[in-house]
Amino acid sequence: MLKLFDSSLRLCVVPLSVATIWVTVTNQQDNSDYGELKYSSLSGLKYMVCVSFISAIYALIAAVSSWIKRTVSKAWIFFLSDQIIAYVMVTSVAAAMEIYYLAYNGDREVSWSQACESYGKFCSKVKLAIILHFLALCCFLILAVISAYRAFSLFEPPCANFKEGDQERT
């Protein structure tokens with residue numbers, strides 16, 4: 001049951017990540033006053049696209065390899081890679097959220113105006129991409145917990161009292 005849930009979550013990441021990539025890469029808006037704004041102009045969005053691509057490929061490979069007998073016993077590989085992907089996705093969500101926050105609110109201290117007033121369609125698509133990417137992140141957070149459970153359940157719990165543990169060995 002847990003194996004099926006694990007694979008299903010991994011397979012859910014793939015369309016979420018692909019949708020994030022598509023929404024972000026096709027996002028551009030032209031404004032007669034300020035010019036054209038593309039995702040490629042913002043490094044945080046490019047980073048989010050790269051992380052989405054990596055997470056989609058990893059999720060697909062991990063879903064397939066979880067059904068192969070030899071790799072199922074490699075719980076530590078899944079544990080480490082799920083943790084790494086989850087943390088990298090957290091950083092990419094944070095980078096994209098920073099861009100969205102600055103575009104929506106501006107920064108008065110450095111005289112940046114609110115870009116979403118002029119580029120409303122662009123900001124809406126960035127918001128959608130962040131939501132999709134965040135949903136993929138939620139899947140990976142759950143996967144990180146599942147893989148941690150699998151990795152650490154391979155071992156016996158430690159003894160509560162060292163003296164009892166020493167007596168059992170003798």
Side-chain angles (χ1 to χ4, degrees), residues 2 4-66 77-152:
L2 190 61
L4 182 63
F5 182 67
D6 178 85
S7 296
S8 299
L9 269 178
R10 290 183 193 284
L11 291 176
C12 285
V13 168
V14 176
L16 288 170
S17 295
V18 169
T20 300
I21 293 168
W22 182 77
V23 167
T24 306
V25 171
T26 60
N27 193 8
Q28 65 182 21
Q29 185 175 356
D30 196 14
N31 185 313
S32 59
D33 295 330
Y34 299 109
E36 186 176 30
L37 182 59
K38 295 181 182 180
Y39 96 97
S40 58
S41 307
L42 303 166
S43 59
L45 294 181
K46 290 191 290 187
Y47 178 61
M48 185 175 71
V49 166
C50 290
V51 170
S52 291
F53 178 75
I54 291 168
S55 66
I57 296 297
Y58 167 72
L60 190 60
I61 290 170
V64 170
S65 65
S66 69
I77 293 172
F78 285 117
F79 170 69
L80 290 174
S81 52
D82 286 347
Q83 296 291 320
I84 290 169
I85 293 292
Y87 290 132
V88 169
M89 288 185 79
V90 166
T91 63
S92 64
V93 167
M97 284 294 296
E98 179 185 19
I99 289 170
Y100 181 74
Y101 176 83
L102 287 174
Y104 189 75
N105 294 319
D107 190 356
R108 293 180 186 172
E109 291 181 18
V110 292
S111 301
W112 285 353
S113 62
Q114 301 170 351
C116 286
E117 290 178 1
S118 302
Y119 296 99
K121 178 183 158 197
F122 184 85
C123 289
S124 296
K125 288 182 96 174
V126 167
K127 183 179 179 180
L128 176 62
I130 291 170
I131 290 169
L132 291 168
H133 196 61
F134 181 76
L135 291 173
L137 168 63
C138 290
C139 290
F140 263 109
L141 292 176
I142 295 169
L143 286 167
V145 171
I146 292 171
S147 62
Y149 171 76
R150 282 190 178 149
F152 291 110

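A quick note: this is a predicted structure, and the numbers were derived from the prediction, not measured.
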Can you give the donor-acceptor pairs under 3.5 Å from side chains of residues 139-149 to other protein atoms, not counting sequence neighbours?
residue, atom, partner, partner atom, Å
S147, OG, D82, OD2, 3.2
S147, OG, L143, O, 3.1
S147, OG, A144, O, 3.1

>> Run the side chain to side chain contact (heavy atoms under 4.5 Å, CB included) test on K38 and F122 for me, step by step, so that the C-alpha distance in whole Å, both residues' side-chain angles and the decisive distance to 0.1 Å come before the verdict.
In response: CA-CA 8 Å; K38 295 181 182 180; F122 184 85; 5.7 Å; no
So, taking the atom named [atom1] in [X] and the one named [atom2] in [Y], what distance separates them when rounded to the nearest 0.5 Å?
| X | Y | atom1 | atom2 | answer |
| --- | --- | --- | --- | --- |
| N27 | Y119 | CG | OH | 12.0 Å |
| C123 | L128 | SG | CG | 13.0 Å |
| R10 | I85 | CZ | CD1 | 10.0 Å |
| S92 | I54 | OG | CD1 | 9.5 Å |
| L132 | W22 | CG | CH2 | 10.5 Å |

Can you give me every donor-acceptor pair (side chain of residues 11-20, partner residue at least two apart or in another chain, under 3.5 Å) with its distance?
residue, atom, partner, partner atom, Å
S17, OG, V13, O, 3.0
S17, OG, S55, OG, 3.1
T20, OG1, L16, O, 2.8
T20, OG1, H133, N, 3.3

> Going through the distances and angles, do T26 and K125 end up as a side chain to side chain contact (heavy atoms under 4.5 Å, CB included)?
Replying inline: CA-CA 9 Å; T26 60; K125 288 182 96 174; 3.5 Å; yes
>> Has Q28 got a side-chain atom pairing as donor or acceptor with L37's backbone, closer than 3.5 angstrom?
In response: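 Not at all, since once roles are kept as given, no pair shorter than 3.5 Å links the two residues.
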> Counting only N and O atoms by type, is there a donor-acceptor contact under 3.5 Å from the side chain of S7 to the main-chain atoms of L4?
Replying inline: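 No: the side chain of S7 does not pair with the backbone of L4.
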>> Between L102 and E98, does the side chain to side chain contact (heavy atoms under 4.5 Å, CB included) criterion hold? Intermediate values first, please.
In response: CA-CA 6 Å; L102 287 174; E98 179 185 19; 4.2 Å; yes
> When the ring planes of Y104 and Y100 are compared, do they come out parallel, tilted or perpendicular, using 30° and 60° as the limits?
Replying inline: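 Y104 vs Y100 ring planes: parallel.
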>> For L45 versus I99, what's the shortest heavy-atom pair and its separation?
In response: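 Reported closest heavy-atom pair: N-CD1, 3.6 Å.
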> M97 and I130: which non-hydrogen atoms are nearest, and at how many Å?
Replying inline: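 Minimum heavy-atom contact is SD-CG2, 3.5 Å.
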> How far apart are the C-alpha atoms of T24 and M48, what are their side-chain angles, what is the distance that settles it, and do they pass the side chain to side chain contact (heavy atoms under 4.5 Å, CB included) test?
Replying inline: CA-CA 9 Å; T24 306; M48 185 175 71; 3.4 Å; yes
> Do other residues, nucleotides or ligands put more than 12 heavy atoms under 6.0 Å from Y47 OH?
Replying inline: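 Yes - once you tally the heavy atoms of other residues, nucleotides and ligands closer than 6.0 Å, there are more than 12.
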>> Can you tell me if F152 has over 12 outside heavy atoms packed within less than 6.0 Å of its CZ?
In response: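 Counting other residues, nucleotides and ligands, CZ of F152 exceeds 12 neighbours.
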